[in-house]
Amino acid sequence: MKEKLKQVSEYVWELDKNVRPKMRVKAKIIASKKVVETIDDAAVEQLTNVACLPGVIEPVVGLPDMHWGYGLPMGAVSAFNAEDGIISAGLCGFDINCGINSIRTNLTYDEAREKIKELIPALFSVVPCGVGSRGKLRLSPNQLDEVLSRGLNWAVENGYGTKNDIEHTEENGCIKGADPSKVSSLAKRRGAPQLGTLGAGNHFLEIQRVTDIFDEETARKWGVVDKDQVLIMIHCGSRGFGHQVATDYLKIQERAVRKYGIWLPDRQLACAPVKSKEGQDYFAAMKCAVNYSFTNRLVMTQWVRETFEKVFGRSWEDMDMQTVYALCHNVVKLEEHTINGERRKVYVHRKGSTRAFPGLPVLIAGTMGTASYILKGTEKAMRETFGSSVHGAGRAMSRHAAIKKYWGEKVKQELTQKGITAKSTHPKILAEEAPQAYKDVEMVIESIHGAGISLKVVRLIPMGVCKG
DNA sequence: ATGTGC
């Protein structure tokens, strides 16, 4: 399929809808020539599968971090009309509201470096990591329902974070329309003991330092003022809760596909008509996972603040540990976009894709050994990518291949040589997440900045990291 | 990503 890509400008490649039967619209990929070379054929084919779905709006978009995923690549966005389109549990994926919180400090690199060997183990013991990890919270069923329907409003009322965190979170940390009655009891049972846990895989808690400020005015507005300023990044999702919601509705939507006679090129693209019960129930349940995940990250943010207080002997307010921004990159949203000159409500499916609305922060995580970025969204993203950008560097190698190729202790040593303190539940996690298993984040960022769908504001590099 | 295959 890749050989059918037509380059239409420096950063845009297209797949015409006649490259295979049944495509309703064309697909496009935003990437430099160098990045296109890193994309595997199977992922490109997955983009064309999505272009076959009912009500899909042109174009299906692949982003420069794209790599093969369940049904659709990670690093892709697709939109469907709100009349006869579909809404899909498969297109959103398993880790609903996997996302990132960026928290600033007024600490300098030197101040943090002195304490990093104390800080990382302290954070590691405060924030539960790993698959199946359980948190310190024990939520009753009623409390969990409050989290699911009220998100960060519950968090702040219960001492996790402040109004400022709410104001600096996508959807103000509470997406409207979340309905806990649409969530299975199994999902709730899995979710209740996991609030305030990091999880595993590519999820992390990282201490970072600023290396570059590209847009001083915007950076200052977001509280990033100095090179060598220290920031914190938390990347994780909705844990077993969102995973179970996705699993439940994949089954329901697989049945819906047959019931409504939808032709699918790949059964992993389970979906349901937007106006069907199977479509709207999923939407309402998925939103519960969105609120759960926002809350999960803010709970941990507050524990991180308390840990910094102990290590540095100052209050977190005094250290200016405010949320720069918090957002999700695995989600379905009903948004208004301009389609062929007309304002229309569409169901935007972002899978490994960050919202990039004009002027708003876009948080992009690199790997444990490479840079992360804060960028800002643009008008061009509204026109080109349904207001969306990448989510990270994007894997270049499967988890399985990475575990076979790298050895965790060696990865740790290499990080130490680069001045990065890493701690994980198991060395295997470090092998799985070896920086070499990912694309070069600088190349990915160059593609989105060059394409103009998000513009560089701040570059960060890791000092210390906690992994599942 | 995930009580890490069905």
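Predicted, not measured: the structure shown is a model, and the values here were computed from it. Hydrogens, waters and symmetry mates play no part in the numbers below; they use all other heavy atoms, side chains included. Labels below follow one simple rule: chain letters A, B, ... track the order of the sequence lines, proteins then strands, and each chain is numbered from 1.
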Among residues 250-258 of chain A, which residues get a heavy atom nearer than 4.0 Å to DNA chain B? none

Checking A/D248 against A/Q244: is there a side-chain donor and acceptor pair closer than 3.5 Å? yes

For atom CD of A/Q194 and atom C1' of B/dT4, their distance in whole Å: 13 Å

Between P of B/dT2 and CE of A/M74, the distance in whole Å: 12 Å

Less than 6.0 angstrom from the centroid, inside 45 degrees of the normal: does A/K136 satisfy that with respect to the ring of A/W303? yes

To the nearest Å, give me how far apart OH (A/Y249) and P (B/dT2) are. 21 Å

Taking OH from A/Y70 and P from B/dT4, how many angstroms apart are they, rounded to a whole number? 17 Å

Please report, rounded to the nearest Å, how far the C1' atom of B/dG5 is from the NE2 atom of A/H243. 12 Å

Counting any heavy atom closer than 4.0 Å, what does A/A246 reach on the DNA or RNA strands: base, sugar-phosphate only, or nothing? nothing

Excluding sequence neighbours, so at least two apart, what forms ring-ring contact (aromatic ring centres under 6.0 Å, His included) with A/H337? A/F386

Do A/T301 and A/R297 have side-chain atoms, one donor and one acceptor, less than 3.5 Å apart? no

Between P on B/dT4 and CG on A/D95, what's the gap in Å once rounded to a whole number? 16 Å

Between atom NZ in A/K467 and atom C1' in B/dT4, what is the gap in whole Å? 16 Å

Those residues at least two apart in sequence (or on a different chain) that pass ring-ring contact (aromatic ring centres under 6.0 Å, His included) with A/F80 are A/H349

Considering only residues two or more places apart or on different chains, which pairs with a residue in residues 256-287 of chain A satisfy ring-ring contact (aromatic ring centres under 6.0 Å, His included)? A/Y249-A/Y282, A/F283-A/Y347

Give A/G201 one of three labels, base, sugar-phosphate or nothing, depending on what nucleic acid heavy atoms sit under 4.0 Å from its own. sugar-phosphate

With a 4.0 Å heavy-atom cut-off, tell me which residues in residues 123-135 of chain A come close to DNA chain B, sorted by residue number. A/V131, A/G132

ring-ring contact (aromatic ring centres under 6.0 Å, His included) involving A/H203 - partner list, sequence neighbours excluded: A/H235

So, is A/R399 close to the B/dT4 phosphate, meaning a side-chain N or O under 4.0 Å from OP1 or OP2? no

Would you indicate what A/I429 reaches in the nucleic acid, counting non-hydrogen atoms under 4.0 angstrom: base, sugar-phosphate, or nothing? nothing

Should the pair A/E432-A/K467 be classified as a salt bridge under the 4.0 Å nitrogen-to-oxygen rule? no

Residues A/E384 and A/K28 bridged, charged N to O under 4.0 Å: yes

